[in-house]
Amino acid sequence: MKKLQALAAIALSALALPSLAQMTPVGTWKSMDDKTGQPKSQIVIADQGGVLEGRIDQLLRPGADPKALCVECKDALKNQPMVGLPIIQGAKKAADKDVWEDGKILDPENGKFYTLRLTPIEGGQKLEVRGSIGPFGRTQTWVRVQ
């Protein structure tokens with residue numbers, strides 16, 4: 001009987017590991033349009049030595065031009081292709097929390113950078129993405145693709 005209990009405990013632990021491994025922003029996400037609730041773009045977030053970087057991988061809006069440029073962006077990002085555009089930079093994991101902070105996120109629709117906080121929720125299947133300037137900001141919920 002004890003062997004059966006031990007085996008069951010091992011099996012349950014093995015099932016729980018994938019969900020724990022997903023409690024990170026690293027992966028592929030679908031961002032949603034605030035106004036319509038429809039998928040807007042696909043974002044890939046990667047870990048570069050403990051610092052998260054993210055780029056637009058695909059435009060998902062119906063009729064979106066895959067060759068669209070970031071006309072509102074400034075400096076080196078001005079008129080760069082939206083697909084491949086780096087929109088997340090410099091986020092690091094906060095000590096003892098499943099939160100990544102101290103980075104910046106670009107809103108390509110207005111060309112502005114905002115202070116960033118990323119928080120995986122619902123077992124890592126969704127990501128709260130908060131962009132802010134001082135006390136003002138907004139939070140979006142992205143959905144994990146991979």
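Computed from a predicted model, the values in this text were never measured in an experiment. Every heavy atom of this structure was used, including side-chain atoms; hydrogens, water molecules and symmetry mates were not.
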At their closest point, which heavy atom of [X] faces which heavy atom of [Y], and how far apart are they?
X	Y	answer
Lys93	Asp98	NZ-OD1, 3.6 Å
Ile87	Pro108	CG2-CG, 4.2 Å
Arg138	Asp107	NH2-OD2, 3.9 Å

Exercise. Are Ile88 and Val83 in one and the same hydrophobic cluster, where Ile, Leu, Val, Met, Phe, Trp and Tyr link if side-chain heavy atoms are under 4.5 Å apart?
Worked result: yes
Exercise. When clusters are formed by joining ILVMFWY residues with side-chain heavy atoms under 4.5 Å apart, either directly or through shared neighbours, do Val44 and Leu77 land in the same one?
Worked result: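 In one cluster: no.
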Output a table of donor-acceptor pairs, distance under 3.5 Å, between side-chain atoms of residues 115-131 and any protein atom two or more places apart or on a different chain; print 'none' if there are none.
residue	atom	partner	partner atom	Å
Arg130	NH1	Thr139	OG1	3.2

Exercise. Partners of Asp75 by side chain to side chain contact (heavy atoms under 4.5 Å, CB included), sequence neighbours excluded?
Worked result: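 Here no residue qualifies.
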Exercise. Gln140: what forms a side chain to side chain donor-acceptor pair (under 3.5 Å) with it, not counting sequence neighbours?
Worked result: Asp34, Trp142
Problem set entry | Residues forming a side chain to side chain donor-acceptor pair (under 3.5 Å) with Ser31, sequence neighbours excluded | Ser41
Exercise. Do the side chain of Lys74 and the main chain of Lys78 share a donor and acceptor less than 3.5 angstrom apart?
Worked result: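 Not a single qualifying donor-acceptor pair exists.
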Exercise. Just wondering, do Ile45 and Trp100 contact through their side chains at under 4.5 Å, heavy atoms?
Worked result: no
For this session: For residues 80-92, pull every pair meeting side-chain hydrogen bond (donor to acceptor under 3.5 Å, both in side chains), keeping only residues two or more places apart or in separate chains.
Result: none
Problem set entry | Separation of Lys30 NZ from Gln38 CD (nearest 0.5 Å) | 10.0 Å
Exercise. In Å and rounded to the nearest 0.5 Å, what is the CZ to CD1 distance from Phe113 to Ile133?
Worked result: 11.5 Å
Under 3.5 Å donor-acceptor pairs involving side-chain atoms of residues 52-70, not counting sequence neighbours:
residue	atom	partner	partner atom	Å
Glu53	OE2	Gly90	N	3.4
Arg55	NH1	Asp57	OD1	3.1
Asp57	OD2	Gln42	NE2	3.1
Arg61	NH1	Glu109	OE2	3.4
Arg61	NH2	Asp33	OD2	2.7
Arg61	NH2	Glu109	OE2	2.9
Asp65	OD1	Lys67	N	2.9

